[in-house]
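Notes for the one structure printed next.
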Amino acid sequence: MSVESSNTAEGTKDFLVQIDNGVMLLTLDRPNALNAFSPEMMMGLQKSIKEAESNDDVKVLVLRGNGRAFSAGGDVKTMGEAAPVDVYNHIGHLNQLIEQMRTLEKPIIAAVHGFAAGAGFNLALACDLIVAAEDTSFILSFAQVGLVSDGGGHYFLPRSLTPYQAKELLFRAEPLDAKTAQQWGLVNHIYPLAEMEEKVKEYAASFTVRPTKAIGLMKRLTNLADTATLNDILEAERTTQAMMVTTEDHLEGVAAFKEKRRPQFKGK
């Protein structure tokens, strides 16, 4: 996916951010390195997600990659040179980013094309929804270089797939095409590459007219289910719903239903 920066786009080295009509567009911008992670990229993502948390104008985030691929994950060119403490610290920053993405009470869409490899695949899995171009391949390439998965792969995959599918992806490090990924439940929608940019815009825009607060709390409750008991979820739903009935969006939704019109949600 080729991305052109504009006067409305801001960011740092290796990373661009743009807000347009309620959509925060986050672009990994190291196309010559296939968007392999860099410290500047990680810092840019963390800063932008923190901004999205407090910016009421942002309703949904889209994470994409510039150039030929979504992300190659770790930079293979620097592997074998870093000291253990450097690796430990780098993954610490990645872990902070993944946790930010999971706790942000706004939906994040991964728009993947080309390939998502290694921690780039796991970065997509940390999002709430994944859309992919028809040409996309997903690959957990860690075993090819004698490493274990980082970026949450051992957490996300067994919760999204059967343990047997997850272990095969981890152990064999072979690519998974977009169609199979969708059949396995990892991809929400597949689009032709030529239509990818426009389709992603339409998909993201569909979330800007929805009740942002309710969606954020649904995200929190759904993620809580990873480790919670049924009783935990039932009680969390109970207390959350008691709070939600006082919100402006709920009252607007009820009024719109009675008046047979589209609701005008404000995220309040």
Side-chain angles (χ1 to χ4, degrees), residues 22 24 26 42 45-46 48-56 58-63 91-112 116 119 121-131 138 140 149-167 169-170 181-182 184-189 203-204 206-251 253 265-268:
M24 177 179 274
L26 308 173
M42 295 294 98
L45 278 168
Q46 286 183 280
S48 296
I49 291 172
K50 186 175 181 179
E51 178 189 346
E53 187 174 19
S54 58
N55 189 340
D56 292 338
V58 174
K59 308 297 183 184
V60 59
L61 293 77
V62 174
L63 178 60
I91 295 176
H93 293 302
L94 176 59
N95 291 351
Q96 290 174 358
L97 171 61
I98 298 296
E99 289 172 357
Q100 274 187 284
M101 294 169 67
R102 293 287 283 180
T103 56
L104 177 68
E105 292 186 358
K106 294 179 182 180
I108 306 176
I109 302 167
V112 185
F121 185 0
N122 292 333
L123 189 67
L125 291 174
C127 296
D128 303 295
L129 303 156
I130 300 177
V131 297
F138 298 89
L140 286 173
S149 176
D150 52 41
H154 297 99
Y155 176 89
F156 295 120
L157 283 175
R159 287 165 171 77
S160 304
L161 307 173
T162 70
Y164 308 101
Q165 290 170 318
K167 289 172 184 175
L169 288 177
L170 288 162
Q182 186 179 44
W184 285 13
L186 294 176
V187 169
N188 295 91
H189 301 283
Y203 188 56
S206 73
F207 289 93
T208 64
V209 297
R210 286 174 164 76
T212 309
K213 188 174 184 65
I215 289 175
L217 291 171
M218 289 179 193
K219 172 175 175 175
R220 182 201 292 182
L221 291 169
T222 303
N223 290 342
L224 180 63
D226 288 332
T227 56
T229 65
L230 173 59
N231 185 67
D232 292 334
I233 294 297
L234 291 172
E235 189 58 28
E237 289 175 340
R238 178 187 181 189
T239 55
T240 302
Q241 200 74 307
M243 177 182 67
M244 292 302 295
V245 296
T246 66
T247 63
E248 292 182 24
D249 278 353
H250 170 63
L251 298 177
F265 295 121
K266 298 179 180 180
K268 299 181 180 179

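Each residue takes its place number in the sequence, starting with 1.
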For A52 and L61 the tightest heavy-atom approach is CB-CD2, 3.9 Å
If only atom types and distance count, is the side chain of S54 paired as donor or acceptor with the main-chain N or O of E51 below 3.5 Å? yes
Check step by step if side-chain contact (heavy atoms from CB on, under 4.5 Å) holds for L186 and F121. CA-CA 11 Å; L186 294 176; F121 185 0; 4.1 Å; yes
Taking all heavy atoms of A119 and all of D150, pick out the closest pair and write down the distance. CB-OD1, 3.5 Å
Looking at R102 and D226, is there a salt bridge between them, counting it only when a charged N and a carboxylate O are closer than 4.0 Å? yes
Would you check, one step at a time, whether the test side-chain contact (heavy atoms from CB on, under 4.5 Å) holds for D128 with I109? CA-CA 6 Å; D128 303 295; I109 302 167; over 6 Å; no
Taking atom CD of Q96 as the centre, does the number of heavy atoms from other residues, nucleotides or ligands within less than 6.0 Å exceed 12? yes
Inter-residue atom distance I233.CD1 - L224.CG, 0.5 Å rounding: 4.0 Å
Does the K219 side chain pair with the main chain of K106, one donor and one acceptor, at a distance under 3.5 Å? yes
So CE of M101 and CG of L125: to nearest 0.5 Å the spacing works out to 9.5 Å
Do L251 and T247 touch side chain to side chain, with heavy atoms closer than 4.5 Å? no
If you take all heavy atoms of E53 and L104, which pair is closest and at what distance? CA-CD1, 3.6 Å
Taking C-beta and beyond as the side chain, do L97 and L123 meet within less than 4.5 Å on heavy atoms? yes
Kindly give the heavy-atom pair with the smallest separation between A110 and C127, and that separation in Å. CB-SG, 3.7 Å
Using the ring of each side chain (for Trp, its six-membered ring), is Y203 parallel, tilted or perpendicular to H189, with breaks at 30° and 60°? perpendicular
For the pair R220 and E105, find out whether any cationic side-chain nitrogen is under 4.0 Å from an anionic carboxylate oxygen. yes
Should V112 and L63 count as side-chain neighbours, where that means a heavy-atom distance under 4.5 Å? no
I'd like to know whether CE of M218 has more than 12 heavy-atom contacts from other residues, nucleotides or ligands below 6.0 angstrom. no
Can you confirm whether K213 is buried at NZ, in the sense that more than 12 heavy atoms of other residues, nucleotides or ligands lie under 6.0 Å from that atom? no
Could you go through D249 and K266, starting from their C-alpha distance and side-chain angles, then the distance that decides it, and tell me whether this counts as salt bridge (Lys or Arg N to Asp or Glu O under 4.0 Å)? CA-CA 6 Å; D249 278 353; K266 298 179 180 180; over 6 Å; no
Is there a side-chain contact between I108 and V60 (heavy atoms, below 4.5 Å)? no
Please answer whether the main-chain N or O of D56 pairs with a side-chain N or O of K59 as donor and acceptor at a distance below 3.5 Å. yes
For F207 and P107, work out which heavy atoms get closest and say how close. CD2-CG, 4.4 Å
L26 side chain reached by V62 side chain, heavy atoms, under 4.5 Å: no
Measure the spacing between CD of Q165 and CH2 of W184 and express it to the nearest 0.5 Å. 4.5 Å
Say whether, by atom type as modelled, one donor and one acceptor occur between the side chain of Q100 and the main chain of Q46 under 3.5 angstrom. yes
Would you find a donor on one side and an acceptor on the other, under 3.5 Å apart, between the side chain of S160 and the backbone of L157? no
Checking N188 side chain against V131 main chain: does a donor-acceptor pair fall under 3.5 Å? no
For D232 and T229, indicate whether the former's side chain and the latter's backbone hold a donor-acceptor pair under 3.5 Å. yes
Lys/Arg N to Asp/Glu carboxylate O, R238 vs E235, below 4.0 Å: yes
Determine, for Y155 and R159, whether the Lys NZ or Arg CZ falls below 6.0 Å from the six-membered ring centre while staying within 45 degrees of the axis. yes
Which heavy atom of T246 sits nearest to which heavy atom of A242, and what is that distance? CG2-O, 4.3 Å
Can you tell me how far the CD1 atom of I49 sits from the CD1 atom of I98, to the nearest 0.5 Å? 8.5 Å
